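Step one of this worksheet: look at the structure below.
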Amino acid sequence: MNTREFIRKLRRKARKRGIEFDIKNHESKGSHRTIYLGDRKTRIPWTTNDLTTGTVSGVLKQLGVDDWFVP
C-alpha cells in the first residue's frame, strides 16, 4: 500500500473512533509529512511506491494504534 492509501485507511479508522486526525506539509524541502493523531504525532515518507511493512508498523506503533489493522 502506498502512502495515500495508508493515510486514507488511518483517517477512516480515526473518524470512526472519534479521534482527531491531521496531516501537515512542511515548508522545507523533503518528502515527508507529519501525521497528528490525537495528542501523538509522527513523520511519514510521502512516496508513490509501496510502504514497507516495517515502516507501516513503526508509524502505527509511534501513534499508539498498532492494533487497529495489520498492514
Side-chain angles (χ1 to χ4, degrees):
M1 115 178 70
N2 66 25
T3 305
R4 290 177 189 220
E5 293 169 349
F6 176 67
I7 298 281
R8 192 176 308 125
K9 287 181 180 183
L10 194 59
R11 180 178 283 137
R12 192 175 299 136
K13 296 258 186 188
R15 189 179 305 138
K16 285 182 181 178
R17 288 169 171 76
I19 300 172
E20 185 179 339
F21 179 89
D22 195 17
I23 186 165
K24 299 283 183 178
N25 297 335
H26 293 281
E27 296 167 2
S28 62
K29 287 186 175 181
S31 59
H32 287 76
R33 305 292 188 264
T34 302
I35 295 176
Y36 297 90
L37 186 67
D39 60 343
R40 294 181 173 230
K41 70 178 181 176
T42 190
R43 297 201 30 126
I44 187 168
W46 195 259
T47 179
T48 56
N49 298 334
D50 286 346
L51 296 171
T52 63
T53 56
T55 300
V56 172
S57 64
V59 167
L60 293 174
K61 186 181 252 185
Q62 288 175 357
L63 293 174
V65 294
D66 49 338
D67 59 342
W68 278 11
F69 59 88
V70 178

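Computed from a predicted model, the values in this text were never measured in an experiment. Residues: numbered from 1 along the sequence shown.
- Sorted by first and then second residue, the side-chain hydrogen bond (donor to acceptor under 3.5 Å, both in side chains) pairs involving residues 30-40 (not counting sequence neighbours) are N25-R33, H26-T34.
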Checklist entry - side-chain contact (heavy atoms from CB on, under 4.5 Å) between L10 and L60: does it pass, once the steps are laid out? => result CA-CA 9 Å; L10 194 59; L60 293 174; 4.0 Å; yes
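- Rounding to the nearest 0.5 Å gives a distance of 12.5 Å between CG of L51 and CZ of R4.
- When every heavy atom of M1 is checked against every heavy atom of E5, the shortest pair comes out as CA-OE1, 3.1 Å.
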Checklist entry - Could you walk me through whether F21 and L63 pass the side-chain contact (heavy atoms from CB on, under 4.5 Å) check? => result CA-CA 11 Å; F21 179 89; L63 293 174; 5.9 Å; no
Give every donor-acceptor pair under 3.5 Å between a side-chain atom in residues 11-18 and any protein atom, sequence neighbours left out.
none

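- Distance CD1/I35 to CD1/I23: 5.0 Å, rounded to 0.5 Å.
- Between the side chain of T3 and the backbone N or O of P45, at least one donor-acceptor pair lies under 3.5 Å.
- Distance check, rounded to the nearest 0.5 Å: NZ of K24 to NZ of K41 gives 11.5 Å.
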